[in-house]
Amino acid sequence: MGDIRALDLNLLRALDMLLEEGSVTRTAERLGVTQPAVSNMLTRLRDHFGDPLLVRTQRGMTPTTRALDLVSPLKRILCEISTLCQPDAFDPVSASFVVSVAATDYALQVVLLPFIARLRQEAPGITVAVYPLHDCRLQEQLEKGQLDMALITPETCPPDMLSLTLFHEDYICAARKNHSDANGQMTLDQYCAADHIIVSYEGGQFCGATDRQLKALGRRRRVALSVPNFLALPELLLKTDLITMAPRRLLLGRRDLALFPPPSPLTVPGFEKILAWHCRTDGDPRYRWVREQLRLMSDN
């Protein structure tokens with residue numbers, strides 16, 4: 001193991017990028033230096049840590065176990081250095097940067113749309129990029145800086161991520177206002193006899209949490225339509241006799257729909273919505289301000 005004084009910030013940044021990219025060429029492009037310069041940095045890093053760090057395989061350069069152990073502490077160190085270099089004061093009016101957020105269509109409508117509306121008034125220079133949510137890639141995207149934060153549930157939060165609970169969501173039934181059975185309440189018999197819409201993010205599923213709860217009661221319903229997101233739900237309800245069970249915040253304020261609680265004794269568990277982020281942005285006053293605005297918006 002080498003002397004810590006032999007390492008400088010440029011070497012640490014190069015190591016971080018090498019472990020992300022697995023390529024000397026791409027690391028050189030990101031750093032804006034030549035390939036020989038990055039190769040020289042890698043040689044110095046190997047000497048310092050007494051380990052190859054990256055070894056050539058048929059799929060390119062693969063990190064050693066020692067290198068994998070360095071990923072988290074290295075990210076943390078670089079994050080702390082970045083925070084150290086940031087000014088303490090933050091002025092949202094003059095701020096100009098990009099915030100990248102992963103969200104489902106539900107989170108986009110319920111959380112991000114009101115947030116963006118406020119942002120246009122209070123911090124018009126902040127640009128928001130909304131990305132689709134891919135649970136299997138989320139940890140990598142947050143670690144590599146491809147995403148700054150994600151709106152998810154606690155069950156899907158990757159390990160080692162920081163998080164903030166925004167709110168608890170529950171479910172409500174909805175149908176068009178002149179639906180023959182939707183007069184403010186449905187009996188369980190009416191509910192099971194009706195035709196339903198279900199949202200299936202994977203597509204093609206006709207069974208969900210509601211059906212599992214009905215099965216426990218010895219009952220079942222008919223799902224006539226399965227859609228891959230929540231966007232079309234209100235229009236489908238208005239133009240058909242279908243009913244749905246959907247998150248309450250998604251439908252509150254819809255005066256053109258009849259909203260009513262699930263029929264007793266049917267109960268469908270709700271869920272928590274959280275904001276997750278990587279430690280690299282934790283101390284940055286810009287992202288700290290964004291997170292606080294999202295928290296305040298969700299309290300309303």
Side-chain angles (χ1 to χ4, degrees), residues 20 71-72 75 97-119 126-172 197-210 212 225-236 244-252 268-282 284 286-299:
E20 283 185 3
V71 171
S72 292
K75 293 281 186 188
F97 63 99
V98 177
V99 179
S100 54
V101 189
T104 61
D105 62 314
Y106 161 81
L108 172 60
Q109 291 186 73
V110 171
V111 182
L112 290 181
L113 287 187
F115 165 71
I116 291 168
R118 175 182 286 186
L119 205 62
I126 298 178
T127 303
V128 180
V130 182
Y131 290 86
L133 185 62
H134 300 294
D135 292 343
C136 60
R137 296 178 51 209
L138 187 56
Q139 181 164 5
E140 177 186 6
Q141 289 174 309
L142 288 167
E143 287 178 345
K144 289 187 175 182
Q146 297 166 351
L147 290 173
D148 297 313
M149 54 192 73
L151 289 161
I152 54 178
T153 58
E155 297 78 18
T156 60
C157 187
D160 302 324
M161 296 299 147
L162 302 171
S163 66
L164 167 70
T165 299
L166 297 179
F167 56 82
H168 175 82
E169 178 66 290
D170 58 4
Y171 287 93
I172 194 169
I197 307 173
I198 190 173
V199 174
S200 165
Y201 280 122
E202 298 81 9
Q205 299 296 315
F206 291 90
C207 180
T210 300
R212 291 188 287 273
L225 177 63
S226 172
V227 293
N229 55 58
F230 287 102
L231 295 176
L233 271 187
E235 197 66 22
L236 287 167
T244 194
M245 180 94 72
R248 180 184 298 272
R249 289 175 179 242
L250 190 72
L251 298 175
L252 282 183
V268 179
F271 60 90
E272 301 287 333
K273 183 59 65 174
I274 69 171
L275 182 67
W277 66 94
H278 191 269
C279 67
R280 65 183 178 81
T281 62
D282 187 50
D284 190 317
R286 301 172 302 170
Y287 297 100
R288 198 163 54 218
W289 183 85
V290 170
R291 293 193 298 268
E292 178 62 12
Q293 301 312 302
L294 286 167
R295 185 190 68 79
L296 291 173
M297 293 290 294
S298 300
D299 283 344

Nearest-0.5 Å distance that lies between atom [atom1] in [X] and atom [atom2] in [Y]:
X	Y	atom1	atom2	answer
Leu294	Met297	CG	CE	8.0 Å
Ile172	Arg249	CD1	CZ	12.5 Å
Ile116	Gln293	CD1	CD	13.5 Å

Any sub-3.5 Å donor-acceptor pair from [X]'s side-chain atoms to [Y]'s backbone N or O?
X	Y	answer
Thr244	Ile197	yes
Asp105	Phe230	yes
Lys75	Glu143	yes

Begin from the C-alpha positions of Ile126 and Phe97 and carry the test side chain to side chain contact (heavy atoms under 4.5 Å, CB included) through to its verdict.
CA-CA 5 Å; Ile126 298 178; Phe97 63 99; 3.7 Å; yes
Could you pull out all donor-acceptor pairs under 3.5 Å where a side-chain atom in residues 147-165 meets a protein atom, sequence neighbours excluded?
from: Asp148; atom 1: OD1; to: Arg280; atom 2: NH2; distance (Å): 3.3
from: Asp148; atom 1: OD2; to: Ser100; atom 2: N; distance (Å): 2.9
from: Asp148; atom 1: OD2; to: Ser100; atom 2: OG; distance (Å): 3.0
from: Thr153; atom 1: OG1; to: Glu155; atom 2: OE1; distance (Å): 3.3
from: Thr153; atom 1: OG1; to: Thr156; atom 2: OG1; distance (Å): 3.3
from: Thr156; atom 1: OG1; to: Thr153; atom 2: N; distance (Å): 3.4
from: Thr156; atom 1: OG1; to: Thr153; atom 2: O; distance (Å): 3.0

Can you sort out the partners of Trp277 under ring-ring contact (aromatic ring centres under 6.0 Å, His included), two or more places apart, ordered by chain and number?
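With sequence neighbours excluded, Trp277 shows a ring-ring contact (aromatic ring centres under 6.0 Å, His included) to no residue whatsoever.
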Residues Val110, Phe167; criterion side chain to side chain contact (heavy atoms under 4.5 Å, CB included); working and verdict:
CA-CA 11 Å; Val110 171; Phe167 56 82; 4.1 Å; yes
Can you see which heavy atom on [X] is nearest to which on [Y], and at what distance?
X	Y	result
Leu142	His278	O-CB, 3.7 Å
Leu231	Asn229	N-OD1, 3.1 Å
Ser200	Ser226	CB-OG, 3.6 Å
Phe206	Ile198	C-CD1, 4.1 Å

Evaluate side chain to side chain contact (heavy atoms under 4.5 Å, CB included) for Gln109 paired with Leu250, printing each intermediate quantity in order.
CA-CA 7 Å; Gln109 291 186 73; Leu250 190 72; 3.9 Å; yes
Tyr171 and Pro247, any side-chain heavy atoms less than 4.5 Å apart
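In contact.
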Would you check, one step at a time, whether the test side chain to side chain contact (heavy atoms under 4.5 Å, CB included) holds for Val101 with Phe115?
CA-CA 12 Å; Val101 189; Phe115 165 71; over 6 Å; no
Exercise: do Glu169 and Tyr106 side chains pair donor with acceptor under 3.5 Å
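There is such a pair (donor and acceptor under 3.5 Å, judged by atom type) between the side chains of Glu169 and Tyr106.
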Is it true that atom OH of Tyr131 has more than 12 heavy atoms of other residues, nucleotides or ligands lying nearer than 6.0 Å?
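No, not enclosed.
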Salt-bridged, Asp284 to Arg291, with N to O below 4.0 Å?
no
